[in-house]
2 protein chains.
Amino acid sequence: MPPSVAIRCFVTIETVTFADTASSRLELIGFRSTAPRRAVLNAIGNAPGPFTVEDLLSEVPGVGRATVFRTIKLLLELDMMCRVPLEDGTARYQVSEGDHHHHLVCRTCGSLTEFNDPEIDARIAEQARTRGFALQGHSLELYGLCQSCRRTA
Amino acid sequence: MPPSVAIRCFVTIETVTFADTASSRLELIGFRSTAPRRAVLNAIGNAPGPFTVEDLLSEVPGVGRATVFRTIKLLLELDMMCRVPLEDGTARYQVSEGDHHHHLVCRTCGSLTEFNDPEIDARIAEQARTRGFALQGHSLELYGLCQSCRRTA
DNA sequence: ATTTATGCAAAATCTTTGCATCAAC
DNA sequence: GTTGATGCAAAGATTTTGCATAAAT
């Protein structure tokens with residue numbers, strides 16, 4: 001009988017959170033990892049959906065307003081989060097799922113769905129080119145009723 | 001010699017101003033034509049380009065802030081003016097030239113150029129349809145440098 | 001006469017800033 | 001020990017509201 005060998009394999013499934021990723025990226029470019037900052041990043045990462053600044057403020061009771069505003073600004077500048085303008089002039093924030101994208105904004109429940117459309121992007125680039133406009137960015141939001149609100153209505 | 005007939009023809013070229021048009025439309029739906037309101041409509045009609053609420057306020061010194069805000073809101077609701085959201089969260093206002101349209105927003109000089117693209121609109125409708133989204137409106141802004149700012153830069 | 005619109009000033013929002021203190025590196 | 005980050009509260013900026021008065025129909 002040949003000798004047997006026991007092989008035990010540990011597989012750790014690590015969920016890399018938004019807070020972790022963001023924190024690392026911030027540290028890389030010289031920002032410090034502080035408790036208040038991490039708290040804000042966690043709150044953002046755990047948000048169940050699009051949120052307002054007010055929402056975020058109430059999720060991090062110990063943290064000062066200024067810090068929350070400063071953190072949001074930081075993440076926006078680094079494209080780690082996106083700001084979605086609503087029709088009433090207010091905005092919602094959300095962690096960007098992919099790269100560049102557009103949004104479907106539900107007027108009833110406020111849900112935000114990201115989507116991409118290379119054809120639209122191409123036409124946009126073309127329109128800019130035609131007009132001698134040096135395109136640097138764009139923003140596209142669709143407003144209406146999401147699938148479930150539509151059924152309810 | 002046959003009798004002659006003099007025919008004199010008066011042609012009046014009337015420039016119908018924005019203020020006139022808007023005022024009439026407002027009266028038609030039951031709003032009153034008041035001096036402050038007309039002043040605001042005139043200022044809007046005479047604006048050399050996109051303007052902020054602040055710009056408008058300073059153009060109608062005698063008129064109260066509330067009236068200016070209320071008039072803007074009214075015109076937006078009636079689609080007689082459009083609100084263009086900028087990247088910094090502020091907005092500019094402009095009399096809509098055509099029907100539905102999109103905007104090229106110059107990051108340097110702030111100029112706003114309207115454009116249309118049926119193909120983009122079609123793709124947008126298609127994207128909504130695919131997702132079971134009842135599309136009711138959309139907003140598309142392109143950010144970058146306009147032709148002249150681009151040359152200067 | 002009715003009823004809408006106005007102006008004012010206060011209130012309500014929303015965001016930024018100055019600065020002393022605290023914490024990270 | 002340096003330097004960046006924080007919290008607080010005050011200041012700014014922006015928009016809305018209540019209400020007595022004025023003006024339009």
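Sequence lines set the chain letters: A, B, ... in the order given, protein chains first and strands last, and positions in each chain run from 1. Since the structure is predicted, the reported quantities are computational estimates derived from the model, not experimental observations.
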Q) Transitively linked via ILVMFWY side-chain contacts under 4.5 Å: Phe133(A) with Leu140(A)? A) yes
So which protein N/O to nucleotides 19-22 of chain C N/O distances come out below 3.5 Å?
none

Q: Name all pairs fulfilling the ring-ring contact (aromatic ring centres under 6.0 Å, His included) condition that reach into residues 48-78 of chain A, sequence neighbours left out, sorted by first residue then second.
A: none
(Q) Once side chain to side chain donor-acceptor pair (under 3.5 Å) is applied, what residue pairs with a partner in residues 34-53 of chain A remain, sequence neighbours excluded? (A) Ser33(A)-Arg38(A), Thr52(A)-Asp55(A)
Q: Could you please spell out the steps behind the side chain to side chain contact (heavy atoms under 4.5 Å, CB included) verdict for Leu57(B) and Arg65(B)?
A: CA-CA 7 Å; Leu57(B) 279 167; Arg65(B) 318 176 75 73; 3.6 Å; yes
(Q) What is the separation between atom CZ on Phe69(A) and atom P on dT16(C), rounded to the nearest whole Å? (A) 6 Å
Q: State which residues pass side chain to side chain contact (heavy atoms under 4.5 Å, CB included) with Val63(A); sequence neighbours excluded, sorted by chain then number.
A: Pro36(A), Ala39(A), Val40(A), Val60(A), Thr67(A), Val68(A)
Q: Check the hydrophobic clustering (I, L, V, M, F, W, Y; side-chain heavy atoms under 4.5 Å; chains of links allowed) and say if Leu26(A) and Leu56(A) are grouped together.
A: yes
Q. Which parts of residues 32-42 of chain A get close to DNA chain D, meaning a heavy atom less than 4.0 angstrom away?
A. Arg32(A), Thr34(A), Pro36(A), Arg37(A)
Q. Is there any side chain to side chain donor-acceptor pair (under 3.5 Å) pair reaching into residues 74-93 of chain A, and which pairs are they, with sequence neighbours excluded?
A. Glu87(A)-Arg107(A), Asp88(A)-Thr90(A), Thr90(A)-Arg92(A)
**Q.** Any pair counted as salt bridge (Lys or Arg N to Asp or Glu O under 4.0 Å), so long as it reaches residues 128-153 of chain B, sequence neighbours left out
**A.** Glu126(B)-Arg129(B)
Q | Members of residues 43-61 of chain B that approach DNA chain C, where some heavy atom sits under 4.0 Å away | A | none
Q) Going through the checks in order, is the side chain to side chain contact (heavy atoms under 4.5 Å, CB included) test met by Leu142(A) and Thr113(A)? A) CA-CA 10 Å; Leu142(A) 314 200; Thr113(A) 310; over 6 Å; no
Q) Shared ILVMFWY cluster between Leu78(B) and Leu28(B), side chains joined below 4.5 angstrom? A) no
**Q.** Phe115(A): partners by ring pair (Phe, Tyr, Trp, His ring centres under 6.0 Å), with sequence neighbours left out
**A.** His102(A)
Q: Could you check Leu75(B) against Phe18(B) for side chain to side chain contact (heavy atoms under 4.5 Å, CB included), going step by step and ending with a plain yes or no?
A: CA-CA 11 Å; Leu75(B) 295 176; Phe18(B) 169 77; 4.3 Å; yes
Q. When you list every nucleotide of DNA chain D with an atom under 4.0 Å from a heavy atom of chain A, which one comes first 5' to 3', and which comes last?
A. dT3(D) to dC8(D)
Q | Contacting residues from residues 71-83 of chain B, given that a heavy atom lies under 4.0 angstrom of DNA chain D | A | Lys73(B)
Q: Could you check whether Gly89(B) gets within reach of a base, just the sugar-phosphate, or nothing at all, counting any heavy atom under 4.0 Å?
A: nothing
Q | Polar contact flag, side-chain donor to acceptor under 3.5 angstrom, Asp20(B)-Thr17(B) | A | yes
Q.
Which residues pass the side chain to side chain contact (heavy atoms under 4.5 Å, CB included) test with Gln94(A), not counting sequence neighbours?
A. Pro50(A), Cys82(A), His103(A), Leu112(A), Glu114(A)
**Q.** Asp121(A)/His138(A) under side chain to side chain contact (heavy atoms under 4.5 Å, CB included): CA gap, chis, key distance, verdict
**A.** CA-CA 9 Å; Asp121(A) 292 343; His138(A) 66 263; 3.5 Å; yes
